[in-house]
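Input: a single structure, listed below in structure tokens.
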Amino acid sequence: MPGDIFETEAWFANLLAHGFERPPHQNWTWQLPAPQHGPAVHLRLMQQSPGDPLAALSNYYSCLYGPVGSAEAIHELSAPQWQVAAQALRRLPGSSVLRLQPLDANSAWLAGLQNGLRAAGYWTDRFFCFGNWYQPVPDGGFGAYWQQRPSALRHSVERGRRRLDHAGAWRIDIHTGDAAGLDNALAAYQTVYAQSWKQPEPCPGFMPGLVHTAAREGWLRLGVLWLGEQPLAAQVWLVHGDKANIYKLAYVKGQDRLSPGSILTAALMEHVMDVDGVREVDYLSGDDAYKRDWMAQRRERVGLVAFDQRHWRGWLAGARHLVGRWRRFLRSAW
């Protein structure tokens, strides 16, 4: 069973190459004990600057973080193995404080890691990162899913399609990784993004790198809605295992009347459900109100911070963290 797309070497390679405004000072592979079956698993870590805490190799481009390796191998790690891994962590610079995010709060590996850290002398705490809306695919695929959506959303898509019909010839292209047309599709995505309401990417090379990585790995579902020769909406979805991730979406500002973004989302939703056969569609990070129309369920992504109580830096940082937590609690209580 494959892990999440954000827990693959291909993801980390593109993030490290193109996803940081200032490259990390150091990055490491934290090898976990070998399981009884299958290859070893590991965590990708970094130190942003000399003297900084040890942290997950992640940033605002990362919607989830976890070990690289098969889910079965990770689940096989025992409590003593997690403790051994936590003790080995102390050999890495900055390991008096460890900060990992964003994480699946219900994952077995996180519970194992947290217990191992505590057994090795770390004090740990979790914190909220963001809400995550997602949709399990119902029996009946897209047809059943679409009937479950709010009538306002369905009628908006229907009206938008009729208005597009009156506006001229329009079409939707979905690129799945074939070399032919990929550069034109990427250019269309960048054109739409530049004409949308969204801020420019802090790392301009990240999305082109991700699109080409996703095409090579078979993850890519790059949808473009065209009106004549003008792209009105573009979205980058990433399909891995049995899950589709809605990663980036944009439409040309001022085209709201045509609902190009919603029409394209519906088309991609139908594709991943009925063609790719995924079991879940994930809207990734954020509690944006519109996501409730498309998704039925919500969960939370969290962070984990750990302080080595056997090291003065870890003890001091842990004390400061605890004081800050109490201050936030008191402010909210008042």
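Atoms considered below: every heavy atom in the structure, side chains included; atoms not considered: hydrogens, waters and symmetry mates. The chain is numbered in sequence order, starting from 1.
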Gap separating the [atom1] atom of [X] from the [atom2] atom of [Y], nearest 0.5 angstrom:
X	Y	atom1	atom2	value
Q47	H25	CD	NE2	5.5 Å
D293	T265	CG	OG1	11.5 Å
H240	L220	NE2	CG	14.5 Å
L164	L225	CG	CG	6.0 Å
D52	R99	CG	CZ	11.5 Å
L186	L210	CG	CG	10.0 Å

Hydrophobic clustering (ILVMFWY, side-chain heavy atoms < 4.5 Å, transitive) - are [Y] and [X] grouped together?
X	Y	value
L222	M273	no
V157	L258	yes
F128	L103	no
L64	I74	yes
W219	L268	no

Are the side chain of [X] and the backbone of [Y] linked by a donor-acceptor contact shorter than 3.5 Å?
X	Y	result
K198	L249	yes
H311	R313	yes
S156	A152	no
N59	G19	yes
W133	R299	no
R301	N132	no
N245	L238	yes
Q235	G261	yes
Y247	C63	no

Taking the side chain as every heavy atom from C-beta outward, state whether [X] and [Y] have any pair of such atoms under 4.5 Å apart.
X	Y	result
R221	H271	yes
W237	M269	yes
Q81	L32	no
V278	V137	yes
S62	L15	yes
V224	I172	no
H321	W123	yes
V97	Y122	no

What is the minimum heavy-atom distance between [X] and [Y], and which atoms define it?
X	Y	result
I263	R161	CD1-N, 3.5 Å
I246	M295	CD1-CE, 3.8 Å
A120	A86	CB-CB, 3.7 Å
S259	G160	CB-CA, 4.3 Å
E7	P67	CB-O, 3.4 Å
L45	L92	CD1-CD1, 4.0 Å

Criterion side chain to side chain contact (heavy atoms under 4.5 Å, CB included) on W11 and T213, from CA distance to verdict
CA-CA 8 Å; W11 166 265; T213 296; over 6 Å; no
Under a plain distance cut-off of 3.5 Å, with no hydrogens placed, do [Y] and [X] share a side-chain donor-acceptor pair?
X	Y	value
D308	W315	no
S58	Q101	no
D256	Y251	yes
R44	N27	yes

Could you please spell out the steps behind the side chain to side chain contact (heavy atoms under 4.5 Å, CB included) verdict for L117 and L98?
CA-CA 10 Å; L117 287 166; L98 174 69; 4.2 Å; yes
Begin from the C-alpha positions of S96 and R90 and carry the test side chain to side chain donor-acceptor pair (under 3.5 Å) through to its verdict.
CA-CA 7 Å; S96 57; R90 286 194 172 97; over 6 Å; no
Verdict with supporting geometry, Y189 and N184, side chain to side chain contact (heavy atoms under 4.5 Å, CB included)
CA-CA 9 Å; Y189 164 80; N184 286 338; over 6 Å; no
More than 12 heavy atoms of other residues, nucleotides or ligands under 6.0 Å from [atom1] of [X]: is that the case?
X	atom1	result
R118	CZ	yes
H155	NE2	yes
Q199	CD	no

So D288 and K291, salt bridge (Lys or Arg N to Asp or Glu O under 4.0 Å) or not? Walk me through it.
CA-CA 6 Å; D288 310 81; K291 294 180 179 179; 3.2 Å; yes
Given E300 and R126, is the salt bridge (Lys or Arg N to Asp or Glu O under 4.0 Å) satisfied, shown in steps?
CA-CA 12 Å; E300 293 186 351; R126 295 191 184 191; over 6 Å; no
E158 and R149: CA distance, side-chain angles, deciding distance, salt bridge (Lys or Arg N to Asp or Glu O under 4.0 Å) verdict
CA-CA 13 Å; E158 291 167 5; R149 305 279 54 80; over 6 Å; no
Before giving the answer on side chain to side chain contact (heavy atoms under 4.5 Å, CB included), spell out for L110 and D104 the whole-Å C-alpha distance, their side-chain angles and the decisive distance to 0.1 Å.
CA-CA 8 Å; L110 177 56; D104 178 356; over 6 Å; no
Contacts satisfying ring-ring contact (aromatic ring centres under 6.0 Å, His included) that involve residues 54-95 (not counting sequence neighbours) are Y61-F206
Evaluate salt bridge (Lys or Arg N to Asp or Glu O under 4.0 Å) for D173 paired with R171, printing each intermediate quantity in order.
CA-CA 7 Å; D173 295 334; R171 71 183 192 277; 3.2 Å; yes
Whether R298 engages the ring of Y134 as a cation-pi pair (distance to the six-membered ring centre under 6.0 angstrom, angle to the ring normal within 45°) should be assessed.
no
Report the C-alpha distance between E9 and H42 in whole Å, list the side-chain angles of each, state the deciding distance to 0.1 Å, and finish with yes or no for side chain to side chain donor-acceptor pair (under 3.5 Å).
CA-CA 10 Å; E9 282 296 350; H42 59 270; 2.6 Å; yes
With under 30° as parallel and over 60° as perpendicular, where do the rings of W146 and F142 fit, or are they tilted in between?
parallel
